[in-house]
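Index from 1, following the sequence.
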Amino acid sequence: MVTTNIERLEGELNEVLNEFTQAQNLNIDLNFLQKGNSFCYTVKCEDESEEFVYEAVFCNELEKKRLLKRYAKLSLYKYLKAKFNTSLPWGALTGIRPTKLFYQQGADAERFLKEEMDVSEKKYNVLVDIYHAQEKYYEVNEKNTALYVGIPFCPTRCTYCSFISCEIGKLSAVNEYIEALCKEIEHAKGLIHNLRSVYIGGGTPISPSIQNIKKVLDTVGKVDCEYTVEAGRADCINEEVLQLLKDYGVNRVCVNPQTFCNSTLKLMGRNHTAEEAVEKYHLAKSFGFKVNMDLIAGLPLETFETFKESLERAISLRPENITVHTLSLKKGSKLKELCDRLPEGEVAKMIDYSSKRLKEEGYRPYYLYRQKYQSGNLENTGYSLPGEECVYNIDVMEEIAQNLACGANAVSKRIFPEENRIERIGAPKDVKTYIEKLDKLLEEKEKLFKI
């Protein structure tokens, strides 16, 4: 483990350490000292000691903190890279949004990412592709708004899931939650200036009763923008639900098999087959919806060949969007209790293959994000057919619009572009606590978003 005299960075430094499988039994101390404008870091491990020095240029305390963190992580990465003669695909980057850093660096992006942060040529080129895919959508504007509505219920809980979601059959407060959620949505509508997208996510937001889904759609109302509902699981999708969504102006749905391998679906706790997922995809298309589809690389017991078959099946269906996720072993998931680390070589092969094949079939990467505990220091990448990109994913992942988020565990963000900062308000994770503290939450959001 890593200890440091910068206590607030201990967790993030240990994330860097965890990316090097060879380093799991090491005890490392990282000491920081500022000498004028020089940031000095000494990395000590057993009888070894190495010093890293950077000239830090900053205008305010916030910039200083960002640089202090960046150079601390970079120092540890450089030490471990030299010690084990191993480079990581994303180099010293551990943040969620590499594309955001790409934009921030401007003309210096290539030098900074490849030479200073040691990002591989392959991953840098993905960022370039995403930059071009986002060109017609990318607009930093504090009046643009993405509205998120969270319905954290599912018919069953998947073994890999770490979301704060509830099995709907085991919760008595569903109606009460929907009432509270509608109250928050109504409040949020008064804080919107230019609505770019609406996204109803979960959980599986179509798992409640038709009456409850209708209440939420009624509250959102008719909108003149991209409108997505994460229909998600095949065991919840039916004609009645799809017709309801169509009637309310929803134009995009997510149909997320995660895999087309039936044995894996059963192991994951999903109550549907691959064939049913295909059937429900075609049903959604028959209503005229654009479709986002998710696959996961690295699911338990799946080989490269298993994943390859799933990807090829998804490509053959031709949804507008295909997002390839790298499995992340997060605390709170049943899967985390069964294994601590994921096999890296096979998963990297899956990710490389998906990039190659999707590009061959006319898809292009248009957004990317990373999570903690992902196999092989990899990423989640959304691919789309040209012109079919999901605006919500771009605005939220790049943090270039206000994100008004409603529901338990939803995080609202207000951007301040001129100050290069973001303020966040997180709703309580627990459904019961969310309902109890809703009025206070609305007061906080009123203060933050009132322009």
Side-chain angles (χ1 to χ4, degrees), residues 145-158 161-192 195 197-223 227-233 235-236 241 244-245 248 250 253-254 269 330-334 392 396 402-414 422-450:
T145 303
L147 175 64
Y148 175 81
V149 177
I151 301 178
F153 308 128
C154 282
T156 60
R157 187 176 179 84
C158 298
C161 182
S162 63
F163 289 147
I164 307 300
S165 58
C166 313
E167 292 188 26
I168 196 161
K170 297 179 180 179
L171 190 71
S172 59
V174 175
N175 293 343
E176 194 180 353
Y177 176 81
I178 295 296
E179 290 296 331
L181 177 64
C182 289
K183 181 178 178 180
E184 187 177 11
I185 296 167
E186 198 61 56
H187 177 268
K189 286 162 66 176
L191 302 173
I192 293 170
L195 187 63
S197 63
V198 177
Y199 191 102
I200 302 181
T204 306
I206 62 168
S207 58
S209 67
I210 283 288
Q211 292 77 14
N212 276 327
I213 298 170
K214 188 175 185 301
K215 280 182 184 177
V216 173
L217 297 172
D218 265 334
T219 308
V220 173
K222 295 284 186 178
V223 296
Y227 193 170
T228 306
V229 173
E230 195 172 352
R233 293 170 48 144
D235 47 350
C236 292
V241 167
L244 182 67
L245 300 181
Y248 277 87
V250 174
V253 298
C254 305
K330 288 191 172 182
K331 293 175 182 177
S333 69
K334 293 180 182 177
Y392 175 85
V396 171
Q402 313 296 6
N403 184 12
L404 267 169
C406 303
N409 201 36
V411 179
S412 295
K413 299 178 184 178
R414 180 173 174 188
I422 295 172
E423 286 193 26
R424 298 167 173 81
I425 294 176
K429 297 179 180 181
D430 173 68
V431 166
K432 184 173 180 291
T433 308
Y434 163 76
I435 295 168
E436 291 172 351
K437 297 190 174 181
L438 179 60
D439 288 341
K440 183 183 177 187
L441 177 64
L442 298 188
E443 288 177 13
E444 292 175 355
K445 290 174 77 172
E446 182 79 21
K447 290 177 184 176
L448 180 59
F449 286 98
K450 203 71 172 179

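Residues Ile192 and Gln402 form no side-chain contact, since every pair of their non-hydrogen atoms from C-beta on lies 4.5 Å or further apart. By the 4.5 Å heavy-atom criterion applied to side chains, Asn212 and Tyr177 are not counted as neighbours. Side chains of Val149 and Pro205 form no contact here, defined as non-hydrogen atoms less than 4.5 Å apart. Contact annotation: the side chain of Tyr199 approaches that of Cys254 to within less than 4.5 Å [non-hydrogen atoms, C-beta and beyond]. Within the 4.5 Å cutoff, the side chain of Ile151 has heavy atoms near those of the Pro208 side chain.
Note that the CD atom of Glu179 and the CG atom of Asn175 stand 7.5 Å from one another [nearest 0.5 Å]. Once rounded to the nearest 0.5 Å, the distance linking OH of Tyr434 with CG of Leu181 reads 5.0 Å. Residue Glu436 holds its CD atom at 8.0 Å from CG of Asp430, rounded to the nearest 0.5 Å. Taking CG of Leu448 as the start and CZ of Arg424 as the end, the distance is 11.0 Å to the nearest 0.5 Å. Taking CG from Asp439 and CD from Glu444, the interatomic distance works out to 11.5 Å, rounded to the nearest 0.5 Å. The structure places CG of Leu442 at 8.5 Å from SG of Cys406, a figure rounded to the nearest 0.5 Å.
Minimum heavy-atom separation, Ile435 to Ala180: CG1-CB, 4.2 Å. The two residues Lys429 and Asn409 have their closest heavy-atom pair at CG-OD1, 3.0 Å. When all heavy atoms are compared, the tightest approach of Val396 to Ala146 is CG2-CB, 4.0 Å. Scanning all heavy atoms of the two residues, the minimum distance from Ala427 to Leu441 falls at CB-CD2, 3.8 Å. Nearest heavy-atom pair across Glu446 and Leu191 is OE1-CD2, 3.9 Å.
A side-chain donor-acceptor contact under 3.5 Å links Lys445 to the backbone of Ala405. Panel note: side chain Glu184, backbone Gly407; a donor-acceptor pair is recorded below 3.5 Å. Not one N or O on the side chain of Thr204 forms a donor-acceptor pair closer than 3.5 Å with the backbone of Gly232.
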Are Asp235 and Arg233 close enough, and set up right, to give a salt bridge (Lys or Arg N to Asp or Glu O under 4.0 Å), and what steps lead you there? CA-CA 5 Å; Asp235 47 350; Arg233 293 170 48 144; 3.0 Å; yes
Is there a side-chain contact (heavy atoms from CB on, under 4.5 Å) between Cys182 and Val216 once you walk through the steps? CA-CA 6 Å; Cys182 289; Val216 173; 4.2 Å; yes
Would you check, one step at a time, whether the test side-chain contact (heavy atoms from CB on, under 4.5 Å) holds for Ile200 with Leu217? CA-CA 9 Å; Ile200 302 181; Leu217 297 172; 4.0 Å; yes
Given the rule in the side-chain contact (heavy atoms from CB on, under 4.5 Å) test, do Thr228 and Tyr392 qualify, once you have shown the distances and angles that lead to the verdict? CA-CA 9 Å; Thr228 306; Tyr392 175 85; 5.5 Å; no
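Lys437 is linked by a side-chain hydrogen bond (donor to acceptor under 3.5 Å, both in side chains) to nothing, counting only residues two or more places apart in sequence or in another chain.
The existence of a salt bridge linking Glu176 and Lys432 is excluded, since no basic side-chain nitrogen approaches an acidic carboxylate oxygen closer than 4.0 Å. In this structure, Lys189 pairs ionically with Glu186, as a charged nitrogen and a carboxylate oxygen lie closer than 4.0 Å.
Of the residues listed (Leu195, Val220, Leu147), the one engaging Tyr227 in a side-chain contact (heavy atoms from CB on, under 4.5 Å) is Val220, and it is the only one.
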